[in-house]
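Below: one structure, written as structure tokens.
Along the sequence shown, the residues carry numbers beginning at 1.
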Amino acid sequence: MGDDSLRQVQFERTANNKYEVRNVRGGSISVGSGSDTDFTPVELFLASIGVCSAIDVDTVTTRRAEPAEFRAVVRGDKLRDPEQGNRMEDLVVEFTIRFPEGEDGDKAREALPRALKMSHDRLCTVSRTVEIGTPVTARLVDETE
């Protein structure tokens, strides 16, 4: 894979169970355990699934018309499984998207089901990775080497 395929974020601990996550473009977000208003890792996971598909759908449909309403709810059940470990199940993204009346709105509404299917079946890297599955490696970097 070429250099343009690499994606990464980095984070640092800012307090007990609080972290500042940064991307290479200078953006940052606070993440925590859920004891305050910071997003938890599971909430970011859900947001990533939904927003990934939203970007795909938005890109396709707004070529035709600007939406009057575009929102979604992403939900799932968090399981605490002593045999297979904690995980999420029954993940669902429910979009509410409305376009204005008229020819352009009609074109956007017509493109909507196809755009959502393309996102789910092929385009959304986040949900495709979850559905296909990929190993995750965690390792300790020895800074003294």
Side-chain angles (χ1 to χ4, degrees), residues 1-139 141:
M1 293 190 182
D3 290 339
D4 62 341
S5 69
L6 178 66
R7 302 292 187 271
Q8 75 176 28
V9 295
Q10 64 182 34
F11 65 88
E12 291 184 28
R13 181 180 185 268
T14 58
N16 186 26
N17 290 318
K18 288 185 68 83
Y19 308 88
E20 189 71 19
V21 182
R22 290 183 182 82
N23 64 29
V24 296
R25 294 173 310 284
S28 67
I29 187 169
S30 296
V31 181
S33 63
S35 61
D36 58 17
T37 59
D38 291 341
F39 280 87
T40 68
V42 170
E43 291 165 341
L44 289 175
F45 171 73
L46 294 172
S48 294
I49 290 171
V51 172
C52 185
S53 285
I55 289 170
D56 295 336
V57 171
D58 203 13
T59 299
V60 170
T61 58
T62 57
R63 290 180 187 145
R64 293 149 178 88
E66 187 67 24
E69 181 179 15
F70 196 122
R71 59 187 168 90
V73 174
V74 186
R75 68 165 112 340
D77 297 317
K78 183 176 178 181
L79 302 180
R80 298 182 190 282
D81 185 334
E83 292 179 21
Q84 293 186 320
N86 297 349
R87 66 183 183 282
M88 296 293 295
E89 274 193 353
D90 301 323
L91 299 170
V92 177
V93 183
E94 295 176 334
F95 285 97
T96 301
I97 306 171
R98 289 182 176 55
F99 294 97
E101 294 302 317
E103 186 178 335
D104 290 344
D106 292 343
K107 289 177 183 176
R109 275 186 289 283
E110 183 181 316
L112 193 52
R114 187 180 98 260
L116 195 55
K117 182 171 175 32
M118 283 179 13
S119 178
H120 177 267
D121 294 349
R122 187 169 52 90
L123 298 176
C124 176
T125 304
V126 178
S127 63
R128 298 301 314 142
T129 301
V130 171
E131 288 196 353
I132 292 170
T134 190
V136 176
T137 302
R139 62 179 168 234
V141 176

Rounded distance (nearest 0.5 Å) linking atom OG of S30 with atom CZ of F11
13.0 Å
Sequence neighbours left out, what passes side-chain hydrogen bond (donor to acceptor under 3.5 Å, both in side chains) with E94? Give chain and number order.
R75
Contact check, side chains of L44 and I29, non-hydrogen atoms, under 4.5 Å
yes
Which heavy atom of P67 sits nearest a heavy atom of I97, and at what distance?
CB-CG2, 4.5 Å
Where the side chain of R25 meets the backbone of R22, is there a donor-acceptor pair that is under 3.5 Å apart?
no
Is any NZ, NE, NH1 or NH2 atom of the basic residue among R87 and E89 found under 4.0 Å from an Asp or Glu carboxylate oxygen of the other?
yes
Please check if any side-chain donor atom of T14 sits under 3.5 Å from a side-chain acceptor atom of E20, or the reverse.
no
For F99 and L112, what are the C-alpha separation, side-chain angles and deciding distance, and is it a side chain to side chain contact (heavy atoms under 4.5 Å, CB included)?
CA-CA 10 Å; F99 294 97; L112 193 52; 4.2 Å; yes
Taking all atoms of both residues into account, what is the closest heavy-atom pair of A111 and R64, and its distance?
CB-NE, 3.6 Å
Atom pair OG1 (T61) and CZ (F70), whose distance is rounded to the nearest 0.5 Å
6.0 Å
Can you check side chain to side chain contact (heavy atoms under 4.5 Å, CB included) on F39 and L46, steps first, answer last?
CA-CA 11 Å; F39 280 87; L46 294 172; over 6 Å; no
Identified side chain to side chain contact (heavy atoms under 4.5 Å, CB included) counterpart of F45 within the set T40, V74, V130:
V130
What pairs meet the salt bridge (Lys or Arg N to Asp or Glu O under 4.0 Å) rule with one or both residues in residues 31-43, with sequence neighbours excluded?
K18-D36, K18-D38
Can you tell me which residue pairs pass the side-chain hydrogen bond (donor to acceptor under 3.5 Å, both in side chains) test with a partner in residues 113-126, sequence neighbours excluded?
S53-S119, D56-S119, K117-D121, H120-E131
Closest approach of F95 and A72, non-hydrogen atoms and distance?
CD2-CB, 3.8 Å
Considering non-hydrogen atoms only, spot the tightest contact between C124 and I49 and give its length.
SG-O, 4.1 Å
Within this structure, what is the CG-CE distance for the pair D77 and M88, rounded to the nearest 0.5 Å?
7.0 Å
How far apart are the closest heavy atoms of A15 and R13, and which atoms are they?
O-CG, 3.3 Å
Could you report the tightest heavy-atom contact between D104 and A65, atom names first, then the distance?
O-CB, 3.5 Å
